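Chain A is the first sequence line, chain B the second, and so forth, proteins listed ahead of strands; every chain is numbered from 1. What you see is a predicted model, and the numbers here were worked out from it, not measured in a lab.
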2 protein chains.
Amino acid sequence: MPEPASKLSLADEAYREIRDALLSGALEPGQRLSEPELALRFNTSRSPAREALLRLEHEGFVERLPSGRVRVAALDVGYLEQLYVVRANLEGLAARLAAPLLRTVDLDAMTRSVDDMDSAVKNDDASGAIAAGQQFHDVLMRECGNEPLVSLLAALKGRIGRFRALVASLGDYDADRVLEHRRILEALFARDPDRAQAEMIGHVSRSATVLVRRLRERAADTP
Amino acid sequence: MPEPASKLSLADEAYREIRDALLSGALEPGQRLSEPELALRFNTSRSPAREALLRLEHEGFVERLPSGRVRVAALDVGYLEQLYVVRANLEGLAARLAAPLLRTVDLDAMTRSVDDMDSAVKNDDASGAIAAGQQFHDVLMRECGNEPLVSLLAALKGRIGRFRALVASLGDYDADRVLEHRRILEALFARDPDRAQAEMIGHVSRSATVLVRRLRERAADTP
DNA sequence: AAGCGTCGTTCTGTCGACAGATTTGACGAA
DNA sequence: TTCGTCAAATCTGTCGACAGAACGACGCTT
């Protein structure tokens, strides 16, 4: 069964594949993406390729030159910092909104996530830690009760994802990060929106600082 | 000269026109928008119409049914409230970021805007007040130094715009709203990011409350 | 060797067409 | 009348084609 779910249109498939290539770093900033080339690559006509590019443009993954041509968007660390400022604020808002809404089951699930993250970090299991962190945030997104907020954050996370590919993904989480999650969780258990928001903003901002520092180090290494 | 600037593609023109129709309320929620129909309306092929719909979908103005068909997105007041929660937070962030960046000329321009708003309100000049408010916010957007934030806010404002068409646009600003602007301005003059942020969040939230109340009243009138 | 115009190539924007799927509406049965 | 059925009408997803614009390489001029 080569296609378990061909429920996706060709445009969807092209979109996802290009997006994955962008997130994995296979496509480098500045690289041109032409419709005929992509069409050939996916064995389709230009229509699906064109639609995929339109979407990627809307989401900020590619830029359109005045001529109408498309290239992979630049990866500017300063821009990443701006993205993170917004993201920190919105994640903080999500925490604040979720604080009074989280049910016991949610809080328990989040507690488990943090515990998982803790042991993963102690075992140098980076992907496990990332998965646990993902779960933590997913509960917040699901329960914060604000759809536009969730989709905005998803869009931001997508944009940020491209930068992650530049640095070894190891070390996204460490003991400090685990502690920060515990503090957020504590505030949520206490139903304290202000503290939950503040802790979340601090957490995301610190994550940003770490990522930015690593990106700047890498940039210094490869001049 | 019927076309002063045909620098826009047919897809662009269609997009703008449909968007305007959506913002003005000419297109009602639930109404179907088919590509052939739009193509006919704009004397083009389906391609530009299709592209316009794709963009409108991405920006949340229209929804895509499982069948792939498109209809004008619903206008749910609860959803508007969610949008405003996010917007208030982001406008607050913009104010916070701008606080240390605003130059004297910017602060002066904003002062003038508030003064203009004041006299407009006193003269029952609704559109003048709106224009002044626009200027005030524009300075903030221009000077906050965070591109993603600006574009996110623009997107949010677009979505919110459709709701405005439902109520008589009169009374968007009143003496209270002017006072709120003055307080924001005061905080900015004092270079107090926390206060600027808090005042801005309060201002936007109260604007939301007024709009929501008016929408609910209207909904009660026309059952 | 740098600058510049020219020509072929490539690309985008747009068009019309077709197949498959969905929706509509008429028509007949209960 | 209400419901189910079936055929006509419509729509979307996709394709291939064409014109005009942009790009790139080449050779010519200075």
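What separates CG of Leu10(B) from C1' of dG20(D) is a distance of 13 Å, to the nearest Å. With rounding to whole Å, Arg64(A) atom CZ is found 15 Å from dA22(D) atom P.
Residue pairs meeting the salt bridge (charged side-chain N to carboxylate O under 4.0 Å, His left out) criterion with at least one partner in residues 90-100 of chain B, sequence neighbours excluded, are Arg87(B)-Glu91(B), Arg96(B)-Asp194(B).
No contact: Glu37(B) has no heavy atom under 4.0 Å from any strand.
A salt bridge links Arg177(B) with Glu180(B); the closest basic N to acidic carboxylate O contact falls under 4.0 Å.
Residues forming a side-chain contact (heavy atoms from CB on, under 4.5 Å) with Val114(A) (at least two apart in sequence, or on another chain): Phe136(A), Val178(A), His181(A), Arg182(A), Leu185(A). Applying the salt bridge (Lys or Arg N to Asp or Glu O under 4.0 Å) rule to Asp106(A) yields the partners Arg103(A); only residues at least two apart in sequence or on another chain are considered. Remark: Glu37(B) pairs with no residue by the salt bridge (Lys or Arg N to Asp or Glu O under 4.0 Å) rule, at least two apart or across chains. Listed by chain and number, the residues in a side-chain contact (heavy atoms from CB on, under 4.5 Å) with Ala88(A) are Ile201(A), Val204(A), Ser205(A) (sequence neighbours excluded). Residues passing the salt bridge (Lys or Arg N to Asp or Glu O under 4.0 Å) test with Arg16(A), sequence neighbours excluded: none.
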Under 3.5 Å, side-chain donor or acceptor atoms of residues 145-157 of chain B against the rest of the protein: list the pairs with distances, not counting sequence neighbours.
residue	atom	partner	partner atom	Å
Asn146(B)	OD1	Leu149(B)	N	3.0
Asn146(B)	ND2	Gln82(A)	O	3.1
Ser151(B)	OG	Pro148(B)	O	3.1

If you look only at distance, which donor and acceptor atoms sit under 3.5 Å apart when one is on a side chain in residues 70-81 of chain B and the other is two or more places apart or in another chain?
residue	atom	partner	partner atom	Å
Arg71(B)	NE	Glu63(B)	OE1	3.1
Asp76(B)	OD2	Gly78(B)	N	3.3
Asp76(B)	OD2	Tyr79(B)	N	3.1
Tyr79(B)	OH	Arg159(B)	NH1	2.8
Glu81(B)	OE1	Arg216(B)	NH2	3.3

Side-chain donor-acceptor pairs under 3.5 Å in residues 46-57 of chain B, sequence neighbours left out?
residue	atom	partner	partner atom	Å
Arg46(B)	NE	Glu35(B)	OE1	3.0
Arg46(B)	NH2	Glu35(B)	OE1	2.8
Arg50(B)	NH1	Glu35(B)	OE2	2.9
Arg50(B)	NH2	Glu51(A)	OE1	3.2
Glu51(B)	OE1	Arg50(A)	NH2	3.2
Arg55(B)	NH1	Asp12(B)	OD1	3.1
Arg55(B)	NH2	Asp12(B)	OD1	2.7
Glu57(B)	OE1	Arg64(B)	NE	2.9
Glu57(B)	OE1	Arg64(B)	NH2	3.2
Glu57(B)	OE2	Arg64(B)	NE	3.4

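Side-chain N/O atoms of Ser67(A) include none lying less than 4.0 angstrom from OP1 or OP2 on dA21(D).
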What's touching nucleotides 5-8 of chain D from the protein side, N or O pairs under 3.5 Å?
none

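A nucleotide of DNA chain C counts as in contact with chain A when one of its atoms lies under 4.0 Å from a heavy atom; the first and last such, 5' to 3', are dT10(C) to dT14(C).
Looking at residues 42-62 of chain A, you'll see Arg46(A), Arg50(A) sit with a heavy atom under 4.0 Å from some atom of DNA chain C.
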